[in-house]
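These notes concern the structure reproduced below.
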Amino acid sequence: MKGKKVPEEIQAEVIFKSNRECVVCDSHKQGDHIHHIDGDNSNNKFENLAFLCFDCHNEASLTGSLKKKLTAKTIVKYRDLKYSMVSTKRENALKIFNTSIQELTTEDILVTTKNAIIIIEIEKVKRSEEHTSE
């Protein structure tokens, strides 16, 4: 079933919340797919989407095989855990702003910079879509 394309703002939110990593295996080197959890490609609600690598997306879409399919309930559990972990990691990174610069490690600075760039890019997409819809 061919559905409407997932709106850019929703795609951006799915990708951002997953930190652009597959919510099942944490990979970001095997391609990326936004998976419709309920199998309905026209249901582009945020709650119905998960960011998966090619292999996990293939496994989730598996039919007619002896191999155990990656079920919707399993994907939701992985997705929710991934979102929670990414959120916690970002919150911890933001706590760095209350730390003296001399106490920061190189890794702290790199993580904070990466998160800031991601947030800036998400805001650009949102502004671009607002201007396009007007």
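Sequence positions, counted from 1, serve as the residue numbers for this chain. Computed from a prediction, not measured in an experiment: that's the story for all the values here.
- Residues Phe16 and Val86 do not share a hydrophobic cluster, clusters being chains of Ile/Leu/Val/Met/Phe/Trp/Tyr side chains in contact below 4.5 Å.
- Rounding to the nearest 0.5 Å places CG of Asn19 at 6.0 Å from NZ of Lys89.
- Relative orientation of the His33 and His57 rings is parallel, given thresholds of 30° and 60° on the angle between their planes.
- When atom types are taken as modelled, the side chain of Ser61 and the backbone of Asn58 share no donor-acceptor pair closer than 3.5 angstrom.
- Side chain of Asn44 to backbone of Lys4: a donor-acceptor contact under 3.5 angstrom is found.
- Among all heavy-atom pairs drawn from Phe51 and Glu21, the shortest one is CD2-O, 3.5 Å.
- With Asn48 contributing its side chain and Asp38 its backbone, the two residues share a donor-acceptor pair below 3.5 Å.
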Stepwise side chain to side chain contact (heavy atoms under 4.5 Å, CB included) check, Ile118 with Arg90: CA-CA 11 Å; Ile118 290 170; Arg90 288 182 177 146; 4.2 Å; yes

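- Under the salt bridge (charged side-chain N to carboxylate O under 4.0 Å, His left out) criterion, Lys17 pairs with no residue at all, not counting sequence neighbours.
- Thr106 meets the side-chain contact (heavy atoms from CB on, under 4.5 Å) test with Leu110; sequence neighbours excluded.
- A side-chain donor-acceptor contact under 3.5 Å links Thr113 to the backbone of Ile109.
- With rounding to the nearest 0.5 angstrom, the CD1 atom of Ile120 is 11.0 Å from the CG atom of Asn115.
- Here the side chain of Ser84 pairs no donor or acceptor atom with the backbone of Asp80 at under 3.5 angstrom.
- When hydrophobic clusters are built by joining Ile, Leu, Val, Met, Phe, Trp and Tyr residues whose side-chain heavy atoms come closer than 4.5 Å, directly or via intermediates, Phe46 is grouped together with Val24.
- Rounding to the nearest 0.5 angstrom, the gap separating the CD atom in Glu59 from the OG1 atom in Thr74 is 9.5 Å.
- When all heavy atoms of Tyr78 and Val23 are compared, the pair lying nearest together is CB-O, 3.4 Å.
- The backbone N or O of Lys124 lies less than 3.5 Å from no partner atom in the side chain of Ser128, so there is not a single donor-acceptor pair.
- In this structure, Asp32 contributes its side chain and Ile34 its backbone to no donor-acceptor pair below 3.5 Å.
- A distance of 8.5 Å separates CD of Glu47 from CD1 of Ile10, quoted to the nearest 0.5 Å.
- Under the 4.5 Å side-chain heavy-atom criterion for grouping Ile, Leu, Val, Met, Phe, Trp and Tyr, Val6 is not connected to Val125 through any hydrophobic cluster.
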